[in-house]
Amino acid sequence: MKKLELYKLETPNDLDIKARHKIAEALNPLVADTFALFVKTKNFHWHMTGPHYRDYHLLLDEHSEQIFAMIDVLAERVRKLGERTIHSIGQIKQLQTLRDANETLSADDMLKALLEDNKAFLKNLRKAHEVCSNKNDFATTSVLEVYIDETERRIWFLFETLQNK
């Protein structure tokens, strides 16, 4: 099998090559964190128990579908800029900033962990948005704005679900 050499796509784009590289550097960790958040959310969906099982199970299923939908869009934005994106589980592990959940948690602790992860993810979305905005990448900033809104909604739902606990 022939080893693929690192390359830049010859994708037509009017953004400066250095700007495109900086944007990719901001987006690739987001792709990794999106994978990590998806897996954690789905993990908790699968392992949810307790008196609110059905409500929490359905909530986390909705959240995981929304998060999963982000992955391809973010990775393809990187490729449209002529850059390389995530190519392995190892690279995800290397770039992710969100911690994996390797222990069994109570339902409330699962929701608390997801609340904190979504809050951290929101900060990373805003940082990437700033980079893209500063580089005049309006297409990526508009995508990120939708994901910021969706993440704020997930935070709101998780927060409200945990009230009076």
Side-chain angles (χ1 to χ4, degrees), residues 19-48 52 55-81 83-163 165:
R20 289 187 269 163
H21 185 70
K22 288 291 185 194
I23 294 164
E25 285 180 340
L27 291 182
N28 277 328
L30 272 183
V31 175
D33 277 344
T34 308
F35 268 109
L37 187 58
F38 167 73
V39 170
K40 185 183 278 187
T41 304
K42 205 61 165 169
N43 169 28
F44 291 167
H45 160 82
W46 292 324
H47 294 98
M48 185 57 65
H52 300 289
D55 291 337
Y56 295 174
H57 184 79
L58 293 174
L59 176 68
L60 298 185
D61 198 33
E62 177 186 308
H63 285 191
S64 66
E65 288 175 7
Q66 185 180 74
I67 295 163
F68 184 76
M70 293 180 192
I71 295 168
D72 193 51
V73 175
L74 291 171
E76 286 184 357
R77 279 302 308 152
V78 174
R79 296 294 288 168
K80 288 175 191 175
L81 296 169
E83 296 286 333
R84 290 180 53 90
T85 193
I86 302 296
H87 59 268
S88 69
I89 298 295
Q91 190 179 24
I92 292 169
K93 184 69 175 162
Q94 179 186 16
L95 293 176
Q96 79 183 71
T97 64
L98 302 179
R99 298 185 67 194
D100 293 332
N102 296 316
E103 64 273 352
T104 303
L105 300 175
S106 70
D108 284 352
D109 286 341
M110 288 180 193
L111 297 179
K112 288 175 187 172
L114 289 174
L115 175 61
E116 293 308 311
D117 283 346
N118 275 278
K119 287 163 65 175
F121 186 66
L122 179 61
K123 286 182 184 179
N124 293 338
L125 284 167
R126 291 187 194 285
K127 287 178 190 174
H129 183 278
E130 183 177 358
V131 170
C132 296
S133 180
N134 289 339
K135 303 298 182 189
N136 294 319
D137 182 359
F138 305 117
T140 307
T141 57
S142 67
V143 166
L144 292 175
E145 287 164 2
V146 170
Y147 294 161
I148 287 168
D149 182 58
E150 290 176 355
T151 303
E152 288 175 336
R153 186 173 192 267
R154 288 193 308 275
I155 290 168
W156 172 39
F157 274 51
L158 291 164
F159 174 79
E160 293 297 345
T161 301
L162 286 164
Q163 294 307 297
K165 297 270 177 189

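Remember, it's a predicted structure, so these values are computed and weren't measured experimentally. Note that these values count all heavy atoms, side chains included, but never hydrogens, waters or copies made by symmetry. The first residue of the sequence shown is numbered 1, and numbering continues consecutively from there.
- Expressed to the nearest 0.5 Å, how far NZ of Lys42 lies from CG of Leu60 amounts to 9.0 Å.
- Nearest approach of Met48 to His57, heavy atoms of both residues: CG-N, 4.3 Å.
- Taking every heavy atom of both residues into account, Gln96 and Ala32 meet most closely at N-CB, 3.7 Å.
- By the ring-ring contact (aromatic ring centres under 6.0 Å, His included) test, Phe38 is found to be paired with Phe68, residues two or more places apart in sequence or in another chain being considered.
- For Glu152, the salt bridge (charged side-chain N to carboxylate O under 4.0 Å, His left out) criterion is met by Arg126, not counting sequence neighbours.
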**Request:** Starting from the C-alpha separation in whole Å, work towards a yes-or-no answer on side chain to side chain contact (heavy atoms under 4.5 Å, CB included) for Leu162 and Lys112.
**Result:** CA-CA 8 Å; Leu162 286 164; Lys112 288 175 187 172; 3.7 Å; yes
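- Shown here are the side chain to side chain contact (heavy atoms under 4.5 Å, CB included) partners of Phe157, two or more places apart in sequence or in another chain: Leu59, His63, Arg153.
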**Request:** Check step by step if side chain to side chain contact (heavy atoms under 4.5 Å, CB included) holds for Thr34 and Phe121.
**Result:** CA-CA 8 Å; Thr34 308; Phe121 186 66; 3.4 Å; yes
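- Atom CG of Leu30 sits about 10.5 Å away from atom OH of Tyr147, to the nearest 0.5 Å.
- Here Lys119 pairs with Glu116 in a salt bridge; the nearest charged N to carboxylate O distance falls below 4.0 Å.
- When atom types are taken as modelled, the side chain of Asn118 and the backbone of Leu37 share no donor-acceptor pair closer than 3.5 angstrom.
- Residues Val131 and Lys127 fail the side-chain proximity criterion, which asks for heavy atoms closer than 4.5 Å.
- Using a 4.5 Å heavy-atom threshold, the side chains of Phe35 and Val31 count as touching.
- Qualifying salt bridge (charged side-chain N to carboxylate O under 4.0 Å, His left out) partners for Asp72, counting only residues two or more places apart in sequence or in other chains: none.
- A 6.0 Å sphere centred on NZ of Lys40 holds more than 12 heavy atoms belonging to other residues, nucleotides or ligands.
- The NE2 atom of His87 lies 10.0 Å from the CD1 atom of Ile92; values are rounded to the nearest 0.5 Å.
- Between the OG1 atom of Thr161 and the CG atom of Leu115 there is a distance of 9.5 Å, given to the nearest 0.5 Å.
- You'll find the side chain of Asn134 stays beyond 4.5 Å of the side chain of Lys22, heavy atoms only.
- Nearest heavy atom pair, residue Asp100 against residue Lys93, reads OD2-NZ, 3.1 Å.
- Between Ala120 and Leu98, the shortest heavy-atom distance links the atoms CB-CD2, 3.9 Å.
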**Request:** For Met70 and Thr151, run side chain to side chain contact (heavy atoms under 4.5 Å, CB included): C-alpha distance rounded to whole Å, both residues' side-chain angles, the deciding distance at 0.1 Å, then the answer.
**Result:** CA-CA 11 Å; Met70 293 180 192; Thr151 303; 4.2 Å; yes
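- When atom types are taken as modelled, the side chain of Ser133 and the backbone of Glu130 share no donor-acceptor pair closer than 3.5 angstrom.
- The heavy-atom pair separating Pro29 from Leu95 by the smallest distance is CB-O, 4.0 Å.
- Here Asp33 pairs with nothing under the salt bridge (charged side-chain N to carboxylate O under 4.0 Å, His left out) rule; sequence neighbours left out.
- The CD1 atom of Ile155 lies 11.0 Å from the CG atom of Leu114; values are rounded to the nearest 0.5 Å.
- Interatomic distance, Asp137 CG to Arg20 CZ, rounded to the nearest 0.5 Å: 10.5 Å.
- With sequence neighbours excluded, no residue forms a ring-ring contact (aromatic ring centres under 6.0 Å, His included) with His129.
- Arg84 places a side-chain heavy atom less than 4.5 Å from the side chain of Arg79.
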**Request:** Go through Arg154 and Thr41 one step at a time and tell me if the side chain to side chain contact (heavy atoms under 4.5 Å, CB included) criterion holds.
**Result:** CA-CA 11 Å; Arg154 288 193 308 275; Thr41 304; over 6 Å; no
